[in-house]
Amino acid sequence: MKIILLCILLALPAGVSMGAEDSELDALKKMMLQMQQQMQQMQEKIQQLESAHTNAPPVAAPVPVALPAWTPSQPITVARSGNAYMNMSFDALVNAGWSTERNVNSVLNLGDHDPSQRGFSLRNAEIALDGAVDPYLKGFANIVLKLDNNNETEVELEEAYGQTTSLPFNLQLKAGQFFAAFGRQNQQHPHAWAFVDEPLIMNRVLGGDGLRNVGTQLSWLVPTPWYTEATLGVFNGGGGTTFSFRDTGNTYGRTPVDRGLSGPGDLLFVPRLASSFDIGDTQTLVLGASGAFGPNDSGSNTWTQIYGVDAYWKWKSPEANGGFPFVSWQTEAMLRRYDAGADATVSLPAETLEDWGFYSQVLYGFHLGWVAGLRGEFVSGNAGVNDTNDVLLRGDRFRVSPNLTWFPTEFSKLRLQYNYDHGQAFGDAHSVWLQLEFLLGAHAAHKF
Amino acid sequence: MKTTIVALLLTLAGLSAQAKLNVVATTPELAAIARAVAGDRADVVSLAKPTEDPHFVDPKPSFVVKLARANVLVEGGAELEIGWLPPLLEGARNPNLIRIAIAPGIQLREVPTALDRSKGDVHAMGNPHYMTDPINGQIAAQRIADGLAQRDTAGAETYRANLAKFNARIEAKMVEWKKLLAPFAGKQVVAYHNAWPYFGERFGLKIDLFLEPKPGIPPTPASLAEVITKMKAEHLHVVIVEPYQNRKTADTVAAETGAVVVPVTQYPGGVKGTEGGYVELIDYLVNAIAKGLAQ
C-alpha cells in the first residue's frame, strides 16, 4: 500500500518536472515528507494499539479483535446462499401405491395433491421463490406443476404475493394470490403435511385445492403477554379454489348463477384469531379460531359461512438431536352452512346444507429421522334434497390412516401410509401409498 | 398545552432511556457474552436451549413475541439459525430491531467453493461453530458492545468497560488454557459432528475425525466401523460428544477402541459446570479435554 503510494508520488513529479517550476517541485517534496511523517505516526499508533492489547498479559497469539479487512489475496466465494437475491427451490412429491377403489381421484382422494390413481402419480412439483423485494416488501411465489391421470402437465400459480416487512404497530399486510389464514393445515404446502392426503373435512368445505384466492390480508400481532395474532383476509372469492363460495363448479345440483360482485359486501372475508402458550420449556400449544364468509353461486342471494377451530400441541425433548424425539398432536374441526338457492328448473328448493367434521392426528418422532403417525377423521352433514347425487361430497365418511415417515435428511423423505376408508358412497376401501419427497435448492424455513 | 406535551414527551423519553434494553440472542453462548457486556443495562434471553441441537430449534410463537419486543438481536450470522430464525423475524414484524451478527467479524473456516448437498448438510457460508475459539468470543463481545452502544449511547461507557473486563478475563485465562493443552499439541480428537475446528486450531489439537460420516448425516454401522479402524490405527482415545448427540453411539465406539467419552458443549449450561458463562464454558472444555487426553 505504502509502496504503491510512494511510487505514484514519485512518478507524478517525474512526469511533470520537465516544465515544472522549482517551487512546485519543492511543494511536492514537502507534501511527500508530510505524508511520510503521517504514515510513520499511524504505524506507531497501530503498534501502540497492538502492544496495548497483547502486552497486558503475555498471550501467545495476537488478538485480532478488529474486523479483518479484505485483501486481494483472499478468495471471494460467490456460491453463497446469502449472496443471492432470492431463495429458489424445487420440491417434488412422487406417489406410488394401490387402492381397492378403482376410481382413486374421483371417489377417494378428493384433495388435488393426493395420490390420484393406482400405480404411480405426481401431483405436486413446486417451484418456490422468495426473498426481499426491497426494504419494505418481501415476495413469495409458488408455482405448482402436476401430472393428471393422462400424464398431461397442469400448471397452477398456487401463490404469488408481496408482504410488508416494516409497517408500524405490529401490522403486516399481504397482497396477491395466497392461501387464506383459515385453520392450520390450509396454510401449509403439501410437502409440509404429515400425511400424503388432504383431510376429508378440508376437501369437503374448503375444497380439494384448499382455500386460496387473490386478495389481501392484514394481520396484527396483538400486544398480549402471550402470542396472539389477529388476521383478516379479504378475497374475490370466485373459482375452484374458493369451492364453497362463488364457484360455478360446485352448486349442489342448482344451475350455477355466475353472480359476480355487486358490491364490496360480496367479497369473501376470512377472519382468524390464534394464540400460543408455552407449557414449561418443552411444550407448546397453539389454539386458533377461523371463519370464512361470502356469497355462493347456487342462487342470486345465497351465502356460505364456514367456522373452524384448530389446536396444535408439541413436545420436544430438551436434548433434541435434529429435532428428535418429539410428540405432536393436531386437530381441526370445521362446520359449514351453505345456503343453497331454489332452482325450479331442476325442482330443488332453497335449503341450508350443513356439513361438519374433524380430523385428529398424532405424530411421534421416535428416533432421529423417523416419525410414526396416526390420523382419524370423520365427516357428516344434515340431509339435503339432492344428496343422492352429492353423496361423495355430503355422505358420512370416516378414515383411519397410520403412517411411517423416514427423513434421510431434511431435504428428502419416504412415507408409507395405509388408509382404511369407509364412506356412504363406496362402502369400504383400503389403500396403501408410498410417497417420496425431494427438495433442491434453498427453501424458506417453515413457521411453527 | 404545548409545554405539557413537550414535558410529557421528555418524561417518556427519560423513562425509556432508563428502562433496560431487551436483548434476544439466538444461542446461549451469545446470550452469555451479551450479559457480560451489557451488565445490568439489559435483560438478555436466549432462544435456543443449551442442550438442544442449534440447527433444529422450533420457531415457537413465543419467540415471535420475544423478538417483537426486543431492541437488539444478537445472532450468529453464519446460517446456523437459517432453519428457524427467518420465520421468527417475519412474524415479529419489528422494523426497529437492531441486529448484531457476529460472523461478519470472523474468518470462517471450511467455506465451500461449490455447494453440493451430496457432501452432507454443509453450511454455505462456512463452518458456523466459531464460538468455541475464545478469540472469536472476544470478537463477538466487541461487536455486541458496538451494537449495544449504537442503540443505547448513554451506556456506551459501561459497555466499553465491561468489554475490557471480559477481554482481560479471556486473556488471563488464555495463558492457563494454553498451558493445560500444550502437552497434547498435535493430538487428534474424535468428535460426533464437525463443530470443533476453531477450538482445535486455537489450542493445537486436530479434531477432524467424526462419528457422522458427513455433516448432519447420522452414523451407520459401516461408517462407525471405519472410524473405529482409524482410531485403533492412530491410537486415538478421546471422543467428544454434545448433550443432544447420541451418547450410545459414542459409548459403543469408545468400548470398541478403549477410548474415553468426554461430554462437551458449545453452550453455557449444556453440560454441568458450564452454567456460569462463556469463560466458564471454555474453562470446562479445556479442562475436560485435557483430562481425557491425559488418560
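Order of the sequence lines fixes the chain letters, A, B, ..., with proteins taken first and strands second; residue numbering starts at 1 for each chain.
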ask   = Counting distance only, does the side-chain N/O of A:Gln172 pair as donor-acceptor with the main-chain N or O of B:Glu90 below 3.5 Å?
value = yes
message = Under 4.0 Å between a side-chain nitrogen and a carboxylate oxygen: does that hold for B:Arg93 and A:Glu229?
response = yes
key: Test item: B:Asp121 and A:Phe411 side chains (from C-beta on) under 4.5 Å apart, heavy atoms   = yes
ask   = Checking heavy atoms, do the side chain of A:Ser219, its backbone, both or neither come under 4.5 Å from chain B?
value = both
request  = Could you tell me which residues satisfy side chain to side chain contact (heavy atoms under 4.5 Å, CB included) with B:Pro87, sequence neighbours excluded, listed by chain and number?
outcome  = A:Ala445, A:Lys447, B:Pro59
message = Please classify the contact of A:His446 with chain B as side chain, backbone, both or neither, using a heavy-atom distance under 4.5 Å.
response = backbone
query = Can we say B:Glu52 and A:Lys316 salt-bridge, meaning some charged N sits less than 4.0 Å from an Asp/Glu carboxylate O?
reply = yes
query = Going from CZ on B:Phe63 to OH on A:Tyr227, what distance comes out if it is rounded to the nearest 0.5 angstrom?
reply = 13.5 Å
message = Under a 3.5 Å distance rule, please check whether B:Asp53 uses its side chain to pair with a backbone N or O of A:Ala320 as donor and acceptor.
response = no
task = Please report the closest heavy-atom contact between A:Leu440 and B:Arg117, naming both atoms and the distance.
result = C-NH1, 4.2 Å
request  = Enumerate by number any residue of residues 126-142 of chain A whose heavy atoms lie under 4.5 Å from heavy atoms of chain B; in the absence of such residues, state 'none'.
outcome  = A:Lys138
note = When every non-hydrogen atom of A:Leu221 is compared with those of B:Gly91, the smallest separation belongs to CD2-O, 3.9 Å
A:Thr409 vs B:Ile217 side-chain heavy atoms within contact, under 4.5 Å = yes
query = By side chain to side chain donor-acceptor pair (under 3.5 Å), which residues pair with B:Lys179, not counting sequence neighbours?
reply = none
message = Between B:Thr51 (side chain only) and A:Pro318 (backbone N and O only), is there a donor and an acceptor less than 3.5 Å apart?
response = yes
message = Does any backbone or side-chain atom of B:Ala92 lie under 4.5 Å from a heavy atom of chain A? Answer side chain, backbone, both or neither.
response = backbone
note = Scanning both residues in full, the closest heavy-atom pair of B:Val65 with A:Trp226 reads CG2-C, 4.0 Å
request  = Tell me, please, which residues at least two apart from B:Glu110 pass side chain to side chain donor-acceptor pair (under 3.5 Å).
outcome  = B:Asn127, B:Asn194
message = Just verifying a value: how many Å separate A:Thr284 OG1 and B:Lys60 NZ, rounded to the nearest 0.5 Å?
response = 4.0 Å
query = At their closest point, which heavy atom of A:Phe448 faces which heavy atom of B:Pro61, and how far apart are they?
reply = CD2-CD, 3.5 Å
request  = Side chain from CB out, backbone as N, CA, C, O: work out which of these in A:Phe326 comes under 4.5 Å of a heavy atom of chain B, or both, or neither.
outcome  = neither
A:Leu285 portion near chain B, given a 4.5 angstrom heavy-atom threshold = neither
remark   = Rounded to the nearest 0.5 Å, the OH atom of B:Tyr244 sits from the CG atom of A:Leu368 at a distance of 11.5 Å
task = Keeping the roles fixed (side chain from A:Lys314, backbone from B:Asp58), state whether a donor-acceptor pair exists under 3.5 Å.
result = no
ask   = Is chain B contacted by the side chain of A:Asn170, its backbone, both, or neither, given a heavy-atom distance below 4.5 Å?
value = both
